[in-house]
**Student:** 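Let me begin by handing over the structure; questions about it come next.
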Amino acid sequence: MNTEPDFLDIFQTAVKDLPHGVDLLHNPMLNKGTAFTLAEREKLSLHGLLPPCATTQEMQVQRIMGNFNMKPNDLEKYIFLMALEDRNENLFYRVVMENLETMMPIIYTPTVGKACQTYGHIFRRPRGLYISANFRGRVAELLANWPYEDVRVIVMTDGERILGLGDLGADGMGIPVGKLSLYTACAGINPSQTLPLTLDVGTNNVQLLNDPLYIGLKQNRLRGDEYDAFIDEFVTAAQARFPKALIQFEDFANINAFRLLKKYRNRILTFNDDIQGTASVTLAGLYSALRITGQALKDQTIVFLGAGEAGIGIADLIVSAMVEEGATKEEARQQCWFIDSKGLVVKSRENLAQHKLAYAHDHEPLPDLLSVVKNLHPTALIGVSGRPKKFTQPIVEAMAKHNERPIIFALSNPTANSECTAEEAYTWTNGRAIFASGSPFEPVTLHGKTYIPGQGNNAYIFPGVGLGVVACEATNVPDEMFSAAAKTLAAMVSEDDLDMGRVYPPLTSIRKVSAAIATAVAQIAYDKGLARAPKQEDLRAFIESEMYQPTYQSYTDA
Ligand code: NAD
């Protein structure tokens, strides 16, 4: 059993030494706003500081939703929600959790991307920790300034490749903030145990460097040994200050993402969601699709458009999964083909980036996706190029010619970058495509049948994986955890879901999904001797009991 104080203990300590009056109203973790009861107001010197009518959290949710719906655009909605999080965290999470399908595209992609693009201009209150390269040598000191002791999940970015938007420097802080909100909303990681963090190593974005309102260091990016030493200093200091914390690397550029993952994955509790989380959610979608086609994974020929973090990460996990089904690694790799901006990735191409080499097969060069589909007859197309409209009608029709149920995953975000729309995929294949996308699409009705396209949202995976490794205090995150997460997620897709064309369960079941994934992940940690916490008899019940709920505590006994 974990002997460290859990959040409840922290909370009860806080209740004992509860601040009074305005200090209490200004503490977002403890503030209840108008929901302080009259008895609490009496006890905590709040009379007069609040309007006389005490309300319930339900009424507050109603008021928030009314205000939210009046906001003229998504960015204004984002700003409104961030302000709510800054003044009343429980209410923020109650609102988000009860309206997840509406809120997720606001607090995370795509709106968070817009917010990051203008972060310095909409900046109101700092959230998270900014550690700039000016503080090299003093990282431990800055980490000591963080007010919460028991941090369990750190999401950390250097802002170089924010979503598909490129180098946004310190303005990328919206991503760790948003991602951690999803850890809490989707998997119940306690907000007091999360730490959004930006390592500000400068930016090469000229527009930002010239923007007087930019919030980060106005210098070009640190590179080479100096950069590596800074990351190392951070990792060492973070481990010393928060020894149980998962450090999730987020939105690093390809040049650093793959090598940092390789460097740290066996040394510390870490993973890269852009690579491994994406891989897991896509593999889950494939497992569901194969329930429809009745085929084995190892018999698929998969063509990827885009050979970046998402594509290579997905292929690496598919290869592990094919190996589990009896293929050799070499055979499995041979089933995965990549097209990048220069055409088919083949052995004869010069200067291929390191991360593409394993998938550079012996084949004549082919210039474009259509010729690749016609030559290789893939069973599945996975779009991760970040470029819109690349799955054209002739390409999708060629897929439908060779496959009874072609698998078409157009994963590029945001919606405008999708390789094709759900409507196009269904229409061009006469309803035969098994379609999933990165951004949500509305249901499509074709010849009287309604299809509900699945969204391969990483939020199905990373919160559950995070909860699992935190619950058992794992030391590492091996790949098995991501394949187990994929299998668990796919198993939660019902026959009815599949019948409607949906390869993922509805987002409304996300807390159950996360609890199931967390249990599978923690079980692997125990099986492989990677868990530091003693095992609970009923792992699932224990994990569910640890999940944060956004209800208010009573302060009248304080
Ligand atoms: P990345 O920048 O690492 O990789 C993009 C790749 O696309 C590069 O290899 C690039 O060479 C290639 N590319 C660019 N233009 C191309 C073209 N015209 N034809 C073929 N290839 C081209 O980015 P990433 O992290 O791999 O993400 C790629 C896309 O996948 C983004 O749009 C992102 O939003 C999306 N994504 C979706 C999910 C999800 O659905 N769950 C998760 C992660 C990423």
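Just so you know, ligand 1 is whichever comes first in the structure, and atom 1 is the first atom listed for that ligand.
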**Student:** Does Phe482 form a ring pair (Phe, Tyr, Trp, His ring centres under 6.0 Å) with Phe271? I'd like the steps, not just the answer.
**Tutor:** CA-CA 10 Å; Phe482 288 99; Phe271 71 89; 5.3 Å; yes
**Student:** Report, as yes or no, whether the 6.0 Å neighbourhood of atom CG on Asp225 holds more than 12 heavy atoms from other residues, nucleotides or ligands.
**Tutor:** no
**Student:** Is there a heavy atom in Leu305 that sits closer than 4.0 Å to ligand 1?
**Tutor:** yes
**Student:** So, is Glu309 polar-close to ligand 1, with some N/O to N/O distance under 3.5 Å?
**Tutor:** yes
**Student:** Can you tell me the protein heavy atom closest to atom 23 (O) of ligand 1 and the distance?
**Tutor:** Arg161 NH1, 3.3 Å
**Student:** Got a salt bridge between Lys179 and Asp251, using NZ or NE/NH1/NH2 to carboxylate O under 4.0 Å?
**Tutor:**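 So Lys179 does not pair with Asp251 through a salt bridge.
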**Student:** Would you call the rings of His377 and His402 parallel, tilted or perpendicular if under 30° counts as parallel and over 60° as perpendicular?
**Tutor:**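 Correct class here is parallel.
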**Student:** Within the structure, does Val281 bring an N/O atom to less than 3.5 angstrom of an N/O atom in ligand 1?
**Tutor:**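 No, there is no polar N/O contact under 3.5 Å.
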**Student:** Where does Asn254 meet ligand 1, judged by heavy-atom distances below 4.0 Å: at the side chain, the backbone, both, or neither?
**Tutor:** side chain
**Student:** Answer yes or no: is there an ion pair linking Lys487 with Glu325, defined by an N-O contact shorter than 4.0 Å?
**Tutor:**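 So Lys487 does not pair with Glu325 through a salt bridge.
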**Student:** Which is closest to atom 15 (N) of ligand 1 in terms of heavy atoms, Lys356, Arg387, Gln455, Lys342?
**Tutor:**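 Nearest option to atom 15 (N) of ligand 1, by heavy atoms: Arg387.
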**Student:** Which pair of non-hydrogen atoms, one from Ile517 and one from Tyr460, has the smallest distance, and what is that distance?
**Tutor:**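 Residues Ile517 and Tyr460, closest heavy atoms: CD1-O, 3.2 Å.
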**Student:** Can you find an N/O atom of Asn457 closer than 3.5 Å to an N/O atom of ligand 1?
**Tutor:** no
**Student:** For atom 32 (O) of ligand 1, what is the closest protein heavy atom, and at what distance to 0.1 Å?
**Tutor:**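 Ranked first by proximity to atom 32 (O) of ligand 1 is Asn413 N, 3.1 Å.
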**Student:** Just to confirm my output: which protein heavy-atom neighbour is closest to atom 4 (O) of ligand 1, and how far is it?
**Tutor:** Gly308 CA, 3.2 Å
**Student:** Please write down residue, atom name and distance for the protein heavy atom closest to atom 5 (C) of ligand 1.
**Tutor:**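 For this ligand atom, the closest protein heavy atom is Val384 O, 3.8 Å.
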**Student:** Considering only the protein, which heavy-atom contact is closest to atom 26 (O) of ligand 1, and what is its distance?
**Tutor:**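 For atom 26 (O) of ligand 1, the nearest protein heavy atom is Ala310 N, 2.8 Å.
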**Student:** If you take all heavy atoms of Ile543 and Ala471, which pair is closest and at what distance?
**Tutor:**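 Distance-wise, the nearest heavy atoms are CG1-CB, 3.8 Å.
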